[in-house]
Amino acid sequence: MRLSSNAAGLVAMAIIGAIAVFVIPAFAETFLMFDLTLFIVMSILALSLAIVWGYGGILCFGQSMFFGLGAYTYAVAAINIGDSTIPFLLAILLPVLLALVLGYFMFWGRVSDVYLAVITLAASLIFYYLIGASAGSEYKIGKALLGGYNGIPSVPPINVPGNPKLQIVYDDLYVLSASILLAVYFGLRWLIASDFGHVVISIRENEARAELLGYDVRRYKLAVFAIGAGIAGIAGILFCAWGAYVSPTIFSLLQTAQIIMWLLVGGLGTLVGPIVGCILIQYVSTWLGETKFADVNLVLGAILVVIVLFVPKGFVPLAREQLARIASRRNTGAVGE
């Protein structure tokens with residue numbers, strides 16, 4: 001009995017996830033685990049925009065805003081509190097609250113897609129410049145100095161809830177990040193397959209028709225926007241814990257552009273695509289940074305141009321189409337025999 005493509009994809013991701021969580025830590029060196037942790041954290045960030053843009057049809061250019069807010073909230077709260085449990089929750093809650101407030105004015109104000117993209121980008125840059133201007137000793141929240149463009153160093157690591165002495169670092173942080181990535185991926189798969197997900201996709205395809213059918217598209221879009229913000233906040237927490245540091249560059253235009261590029265390279269309207277695109281781009285960026293072979297931004301710009309011109313759907317949708325054609329030819333040949 002053959003599995004459907006959807007079931008086969010779930011099984012494949014479950015196997016890959018099990019290998020990532022249980023097999024790789026047993027054999028990989030700490031340095032490699034450190035790099036892989038960053039790839040996984042950025043993949044979570046990619047999924048946060050995948051649900052907002054790829055499935056919700058909301059062209060958000062400010063996903064780095066929620067990512068950075070999550071990181072800064074965790075850093076400030078962890079320095080002041082010590083235990084990471086409450087900071088972890090706050091760093092998810094604040095991006096969600098910001099998304100709800102910002103989304104309310106945008107969606108109930110019937111802001112068009114282009115202006116929505118501009119507003120979210122502008123909001124992210126506002127955070128970038130405001131925090132960058134907080135370099136003086138008077139700019140602090142409790143014991144945490146914001147540090148301006150120098151950022152906040154020596155951020156406490158994530159710990160086991162209620163026990164600050166049991167810190168989750170190095171290999172343990174990798175396992176935690178990989179587990180969260182799997183939870184986010186399968187959670188989004190479930191959400192997309194639910195009635196809520198079907199309505200969200202129908203709004204993406206034809207908003208006017210969905211509204212005529214009686215759905216309040218504003219509420220659905222606001223919910224998707226908030227979910228994406230919460231996931232981005234989680235990625236921000238893990239990123240801050242990974243480097244024990246956070247700076248305003250996390251809000252920058254370059255960071256925003258990279259997130260969008262991950263989705264375009266991997267493929268919009270998929271969940272695997274953004275992960276693949278993120279890992280490919282992050283690997284290329286890391287390799288170019290280590291070898292000094294060429295300017296990173298120049299190469300990434302060239303890759304984006306090539307992808308848009310020759311692979312507009314992204315690599316994952318293209319691979320699916322090719323596999324479907326091969327399967328169709330095989331089935332046709334089997335029938336002919």
Side-chain angles (χ1 to χ4, degrees), residues 34 37-38 41-42 44-45 48 60-106 117-159 164 167-169 173 226 229-260 285 289 296-297:
F34 188 73
T37 302
L38 179 60
V41 170
M42 292 306 180
I44 297 172
L45 178 59
S48 74
C60 175
F61 278 13
Q63 205 66 15
S64 60
M65 169 177 56
F66 304 120
F67 178 57
L69 182 59
Y72 263 92
T73 301
Y74 173 79
V76 170
I79 289 173
N80 282 283
I81 297 175
D83 183 273
S84 68
T85 307
I86 295 177
F88 199 104
L89 297 176
L90 286 175
I92 299 173
L93 180 61
L94 283 186
V96 170
L97 290 177
L98 176 61
L100 290 173
V101 173
L102 186 61
Y104 173 80
F105 288 104
M106 293 191 300
V118 172
I119 290 171
T120 52
L121 177 59
S124 183
L125 293 179
I126 287 171
F127 273 93
Y128 174 70
Y129 288 112
L130 282 178
I131 295 182
S134 61
S137 58
E138 68 274 15
Y139 294 103
K140 63 180 181 179
I141 301 175
K143 296 183 293 183
L145 286 170
L146 296 180
Y149 289 108
N150 292 323
I152 303 176
S154 304
V155 178
I158 299 172
N159 58 259
Q167 298 177 343
I168 302 175
V169 294
L173 182 61
I231 296 172
I234 294 173
I237 297 167
L238 296 173
F239 177 77
C240 185
W242 171 79
Y245 172 78
V246 62
S247 73
T249 55
I250 202 170
F251 297 103
S252 68
L253 182 60
L254 177 60
Q255 181 65 58
T256 295
Q258 281 188 338
I259 304 171
I260 295 170
S285 299
V296 175
N297 295 328

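Below, each value reflects all heavy atoms present in this structure, side chains not excepted, and no hydrogens, waters or symmetry copies. Index from 1, following the sequence.
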Residue set satisfying ring-ring contact (aromatic ring centres under 6.0 Å, His included) with Tyr74, at least two apart, ordered chain then number -> none
Evaluate Tyr72 against Ile141 for side-chain contact (heavy atoms from CB on, under 4.5 Å), listing each step before the verdict.
CA-CA 11 Å; Tyr72 263 92; Ile141 301 175; over 6 Å; no
CD (Glu138) and CG (Leu146) are apart, to the nearest 0.5 Å, by 10.0 Å
The reported gap from CD1 in Ile259 to CE in Met42 (rounded to nearest 0.5 angstrom) is 8.0 Å
Heavy-atom nearest pair, Gly233 first then Pro95, reads CA-CG, 4.1 Å
Rounded to the nearest 0.5 angstrom, the CZ-CD1 distance for Phe239 and Ile44 is 13.0 Å
Residues passing the side chain to side chain contact (heavy atoms under 4.5 Å, CB included) test with Leu93, sequence neighbours excluded, are Leu97
Nearest heavy-atom contact between Lys143 and Ile79 is CE-O, 3.5 Å
How far apart are the C-alpha atoms of Thr37 and Leu238, what are their side-chain angles, what is the distance that settles it, and do they pass the side-chain contact (heavy atoms from CB on, under 4.5 Å) test?
CA-CA 9 Å; Thr37 302; Leu238 296 173; over 6 Å; no
Heavy-atom closest pair (Leu125 atom, Leu253 atom, distance to 0.1 Å) is CD2-N, 4.1 Å
| query | Taking side chain as C-beta onward, heavy atoms only, is Ile131 less than 4.5 Å from Ser134? | reply | yes
CD1 (Ile231) and CG (Leu45) are apart, to the nearest 0.5 Å, by 10.0 Å
Sorted by chain and number, sequence neighbours left out, ring-ring contact (aromatic ring centres under 6.0 Å, His included) with Tyr149 holds for Tyr128
Any Ile119 side-chain heavy atom under 4.5 Å of Leu102 side chain
yes
Between the OG1 atom in Thr73 and the CG atom in Leu98, the distance rounded to the nearest 0.5 Å is 9.5 Å
Quick note, side chain to side chain donor-acceptor pair (under 3.5 Å) partners involving residues 62-71, not counting sequence neighbours, are Ser48-Gln63, Ser64-Ser124, Ser64-Thr256
Residues 84-98 vs side chain to side chain donor-acceptor pair (under 3.5 Å), sequence neighbours excluded, gives Asp83-Thr85, Ser84-Asn159
Side-chain atoms of residues 242-252: list all donor-acceptor pairs with protein atoms under 3.5 Å, sequence neighbours left out, distances to 0.1 Å.
{"residue": "Trp242", "atom": "NE1", "partner": "Phe34", "partner atom": "O", "Å": "2.9"}
{"residue": "Tyr245", "atom": "OH", "partner": "Asn150", "partner atom": "O", "Å": "2.7"}
{"residue": "Ser247", "atom": "OG", "partner": "Thr249", "partner atom": "OG1", "Å": "2.8"}
{"residue": "Ser252", "atom": "OG", "partner": "Thr249", "partner atom": "O", "Å": "2.7"}
{"residue": "Ser252", "atom": "OG", "partner": "Gln255", "partner atom": "N", "Å": "3.4"}

All heavy atoms of Phe88 vs all of Ile158, minimum pair found to be CE1-CD1, 4.0 Å
What one should report as the nearest heavy-atom pair of Gly230 and Val96 is CA-CG2, 3.6 Å
What one should report as the nearest heavy-atom pair of Gly289 and Val296 is N-CG2, 4.1 Å
